[in-house]
Protein chains: 2
Amino acid sequence: MIRLSTKGRYGTRLMLNLAQHYDNGNGHKAVILKNISDDERISIRYLEQIIIPLKINRLVKSIRGAGGGYILARKPEDIRLSEILHALEGNCCLVECVEDESFCEFIETCPTFPIWKNATEILKGYFDSLTLKDIVGMAEKKSKQGKTKAR
Amino acid sequence: MIRLSTKGRYGTRLMLNLAQHYDNGNGHKAVILKNISDDERISIRYLEQIIIPLKINRLVKSIRGAGGGYILARKPEDIRLSEILHALEGNCCLVECVEDESFCEFIETCPTFPIWKNATEILKGYFDSLTLKDIVGMAEKKSKQGKTKAR
DNA sequence: ATAATTCCTATAAATTCATGTTGATATCGG
DNA sequence: CCGATATCAACATGAATTTATAGGAATTAT
Ligand code: FES
Ligand code: FES
């Protein structure tokens, strides 16, 4: 399987959770990991590890102490999925050599290299086209539809 | 990183190697793993494991005993990259739930599900558009260019 | 028979995934 | 100031998975 690691998946859900609770009125209401843990059923300990690179890459801000928590560093419409995955995974290549050309020895003659490279670019393009706001919007629309259909 | 496993990568190179040695004149010249191992710098023992699913999914035929080896079960133009990856990885989804919907509990409400699903379909579409012949052709063209350019 | 080769099973090594521990540091409300 | 709440940091640990190697049995051409 071509796998998106749990780090990438859980980190994306973490960011979406923050986006859903993002207060546009600038109330700066921080969300605590415990809540995200309950919502998303991911252990707090693991979330703590996952949020570190998100903080380092300035996608979230932390507020320490009582009443603290995390908030998005920017508006949801200004954060792209590609940035999140890049922060979490270092890169989002299908194979190492696409980003680090010294990884494979025979990159010049390797017949698969252009394939993995193209595929990576296609994926990146898709993830780059989506902001957190887009994704939250898609999810809201979907859940509204679900309620309308009586089933 | 969104990773294609070594199984998928090595298996693809294995198949390409067989495609490059495929005899259209129906000479049925089998290729032994030792040669592929030398060409691709992958341990024979590992290749033996990787080729099993390729055999089960009837992408290669094996000929046992002395003078034996492996050959493609079909012509290179009739084998798609998507088939190879599917054989090797069981599926080629970014996340398990795209193929096995019971994998995640809250698939109905999960805001990331449609994203991973779309991305998976985009990738699959690309891999489905390529046959072994296409890839070998691309590689040959590239190596010819390399020779022309005196550098 | 012998050599070549696939086939089968076991297992070692490395990495990823996930939880746990301890304790320090920062902040808020009372 | 005190006590509760949370982040922060550095580990440790175990389970699961992936990656890779190894030994030998079965099969076949010569
Ligand atoms: S897989 Fe990296 S160059 Fe072929
Ligand atoms: S990741 Fe599987 S449903 Fe959300």
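A, B, ... follow the sequence lines: proteins, then strands. Residue 1 opens every chain. Values below: all heavy atoms of this structure, side chains included; hydrogens, waters and symmetry mates excluded.
For E48(B) and dA4(C), the CD to P distance is 16 Å, given to the nearest whole Å. In this structure, L88(B) atom CG and dT18(D) atom C1' are separated by 14 Å, rounded to whole Å. Rounded to an integer number of Å, the gap from CD1 of I52(A) to C1' of dC11(D) is 12 Å. Taking atom CD1 of residue I42(A) and atom P of nucleotide dC17(C), one finds them 13 Å apart after rounding to whole Å. Atom CD1 of I36(B) is separated from atom C1' of dT6(C) by 13 Å (rounded to the nearest Å). Straight-line distance from the NZ atom of K34(A) to the P atom of dT7(D): 11 Å, rounded to whole Å. Note: CD (Q49(B)) to P (dT9(C)) measures 12 Å, nearest angstrom. Rounded to whole Å, atom P of dC7(C) lies 10 Å from atom CD1 of I63(B).
Applying the 4.0 Å criterion to OP1 and OP2 of dT16(C), one finds that Y46(A) has every side-chain N and O outside that range. Applying the 4.0 Å criterion to OP1 and OP2 of dA18(C), one finds that T6(A) has a side-chain N or O inside that range. Phosphate proximity of dT19(C) to S43(A): present, with a side-chain N or O under 4.0 Å from OP1 or OP2. For K55(B), no side-chain nitrogen or oxygen approaches OP1 or OP2 of dT6(C) to under 4.0 Å.
Relative to the side chain of Y70(A), the nucleotides dT19(D), dT6(C), dC8(D) differ in distance, and dC8(D) lies closest.
Cluster partners of I32(B), using a side-chain heavy-atom cutoff of under 4.5 Å among ILVMFWY residues and allowing indirect links: none.
Side-chain N/O atoms of N17(B) and E40(B) include a donor and acceptor closer than 3.5 Å.
When each of I44(A) and R9(B) is assigned the nucleotide of DNA chain D with its nearest heavy atom, I44(A) is the one assigned upstream, toward the 5' end. Nearest-nucleotide assignment on DNA chain C puts the 5′-proximal partner with Y10(A), out of Y10(A) and R64(A). Heavy-atom nearest nucleotides on DNA chain C were determined for A66(A) and for K7(A), and the one closer to the 5' end corresponds to K7(A).
Checked by distance alone, R45(A) brings no side-chain donor or acceptor within 3.5 Å of a matching partner on the base of dG14(D).
Contact annotation for L33(B): backbone-only contact, meaning every heavy-atom pair under 4.0 Å involves sugar-phosphate atoms and none involves a base.
By the neighbour-count criterion of 12 heavy atoms within 6.0 Å, atom CD of E108(A) is sparsely surrounded, having that number or fewer from other residues, nucleotides or ligands.
Using a distance-only test at 3.5 Å, with no hydrogens or angles considered, no donor-acceptor pair links the side chain of T112(B) to the main chain of R13(A).
For the pair A73(B) and R58(B), the tightest heavy-atom approach, listed with the atom from each and the gap, is CB-O, 3.4 Å.
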